[in-house]
Q: 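Here it is, the structure, as structure tokens.
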Amino acid sequence: MGKYYFPQNFWWGSAASGPQTEGRVSKDGKGESIWDHWYSQEPEKFFNQIGPEKTSEVYTKYLEDIQLMKETGHNTFRTSIQWSRLIPNGIGEINQQAVTFYNHYFDELIRNGIEPFVNLYHFDMPMILQINGGWLNRETVDAYVNYTKVCFELFGDRVKKWFTHNEPIVPVEGGYLYQFHYPNEVNLKHAVQVAFHEMLSSAKAIEAYHEMNLDGEIGIILNLTPSYPRDEKNAADVKAASIADAFFNRSFLDPSVKGCYPKDLIEIIQDLKLIPEMSEDDLSTIKNNTVDILGINYYQPRRIKAKEIPVDHEKSPMPDDFFDNYQMPGRKMNPYRGWEIYEKGIYDILTNLRQNYNNVRCYISENGMGVENEERFINEDGMIEDDYRIEFVKDHLRFVHQAIQEGSNVQGYHMWTCMDNWSWLNAYKNRYGFIAVDLKKDAKRTIKKSGHWFKEMTTNNGFAD
Ligand code: BGP
């Protein structure tokens, strides 16, 4: 029998984001984000043509939702402020209705013993800034830093855990390489510039926060996808995996935690003649403003083999010119999302951070399993019996526990997500929540079996089996 109990004051909870949960009501003063805009232009791109205007209606239902968080054993919860809600034009006037909403939301969480963790950017560029280039434009960095200062001033007396970005590599991949975010380009030069500006904006927001002496912590949330070579004894596979790791993990992990970019990545970008534009002191800003804490989102590993057919980088270079993805025979899959489930990956990430990143203070900020058509599992009491989700969490927690035994500095575990929410182009296809949301019945909430299990598990601060 195994026993998996966690350190005192471990953070148990879940994560969500503003754009995926809040929804819009008429005259709420919110400006358009790139998602509102994209949906208005090309609704057919979104699963079942469901757009971001309704989502799970947290804007009006947050009081009820916070009670459900309590019932599902949360002591912490992450969401994000929507930049386009707080400052509808990206810069300038503040929307007072947004201030009221976020004040009430955060106060109510605190009153109920749930510490709010607040992220400042979750893929949701205000459209008005995107028109002028979004993260491609240096001025967006200044606008963002100004927005973050407004947030710190308004909410920093109560919010003590801040995050500058969620998964900053994803807008790079989605918007500028693989076409699943607006503006839907394929352009590595732009991708590199966007990544650099996001990173710089993070360092500058950290600098601004520390200057304000608000007695809290600030960090970044990264989706770390460990890169495993097909064959560890094959040097070409190992090299290819290491390049994928440089592009997709170390591109943000190293500057965020160590304050500098990895050498191998710089060399590749230099060879491709794609070094981004920067000002003289940008690199020292990044060097001097590393994170207090790191959030780790973990869903799947990346399996890599050496490139089978060499490509000519001169034409239209892509990260994938340097490696091929590899489908490991016998891998365990989540067929709905098409992602491999590899629980040990979470341990490998934590071990890597312990050994190579000075054991940075961290927590698991997202982990989860999106499943389609969960109504199949509704029992006679109207509850979804999602035993697979319970198994998924336990299987990952065993490895988190092992990492802690070996000295990892991991402080908590957040599930993606609290209640079913809107997942970008996938809209409501795959459901991730501890709590079901019935879109046909006015977004009615019902706790799933996993939510009840989570309450019991977090009350015991772990589990035995
Ligand atoms: C993460 C994002 C979330 C969330 C989650 C699930 O990458 O931070 O916003 O969406 O993945 O993924 P998806 O919604 O693509 O199924």
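All values derive from a computational prediction rather than experimental measurement. Note that ligands are numbered from 1 as they come in the structure, with each ligand's atoms numbered from 1 the same way.
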Q: Below 4.0 Å from any atom of ligand 1, is there a heavy atom belonging to His122?
A: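 It does; at least one heavy atom falls under 4.0 Å.
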
Q: Which residue and non-hydrogen atom of the protein lie closest to atom 5 (C) of ligand 1, and at what distance in Å?
A: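 Among all protein heavy atoms, the one nearest atom 5 (C) of ligand 1 is Tyr299 OH, 3.4 Å.
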
Q: Is the backbone of Asp28 close enough, under 3.5 Å, to the side chain of Asn95 for a donor and an acceptor to pair up by distance?
A: yes

Q: Below 4.0 Å, non-hydrogen atoms only: which portion of Trp339 touches ligand 1? Side chain, backbone, both or neither.
A: side chain

Q: Run the side chain to side chain contact (heavy atoms under 4.5 Å, CB included) check on Tyr413 and Val393 step by step: do they pass?
A: CA-CA 10 Å; Tyr413 176 89; Val393 178; 3.6 Å; yes

Q: Can you check whether Asn166 has an N/O within less than 3.5 Å of an N/O in ligand 1?
A: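 Yes.
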
Q: Show every donor-acceptor pair shorter than 3.5 Å between a side-chain atom in residues 221-230 and any protein atom, with sequence neighbours excluded, or say none if there are none.
A:
from   : atom 1 : to     : atom 2 : distance (Å)
Thr225 : OG1    : Asn249 : OD1    : 3.3
Tyr228 : OH     : Asp348 : OD2    : 2.6
Arg230 : NE     : Asp237 : OD2    : 2.9
Arg230 : NH2    : Asp237 : OD1    : 3.0
Arg230 : NH2    : Asp237 : OD2    : 3.4

Q: For the residue pair Trp424 and Phe123, does the interplanar ring angle fall in the parallel (under 30°), tilted (30 to 60°) or perpendicular (over 60°) class?
A: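 Because their plane-to-plane angle lies in the 30° to 60° range, the rings of Trp424 and Phe123 count as tilted.
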
Q: So which heavy atom in the protein is nearest atom 15 (O) of ligand 1, and how far is it from that ligand atom?
A: Arg337 NH2, 2.8 Å

Q: Could you check atom 14 (O) of ligand 1 against the protein and tell me its nearest heavy-atom contact, residue, atom and distance included?
A: Ser423 OG, 2.7 Å

Q: Just go through Arg431, Glu366, Lys429, Met369 and tell me whose heavy atom is the nearest to atom 1 (C) of ligand 1.
A: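 Residue with the shortest heavy-atom distance to the ligand atom: Glu366.
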
Q: Would you indicate whether His210, at its atom NE2, is surrounded by more than 12 heavy atoms from other residues, nucleotides or ligands within a distance under 6.0 Å?
A: yes

Q: To the nearest 0.1 Å, how far is atom 12 (O) of ligand 1 from its closest protein heavy atom, and which atom is that?
A: Tyr432 OH, 3.4 Å

Q: Excluding sequence neighbours, so at least two apart, what forms salt bridge (Lys or Arg N to Asp or Glu O under 4.0 Å) with Asp324?
A: Lys307

Q: Any cation-pi pair here, Arg398 with Tyr4, using under 6.0 Å and within 45°?
A: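 That pair qualifies as a cation-pi contact.
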
Q: Name the closest protein heavy atom to atom 7 (O) of ligand 1, giving the residue it belongs to and the distance to 0.1 Å.
A: Glu167 OE1, 2.5 Å

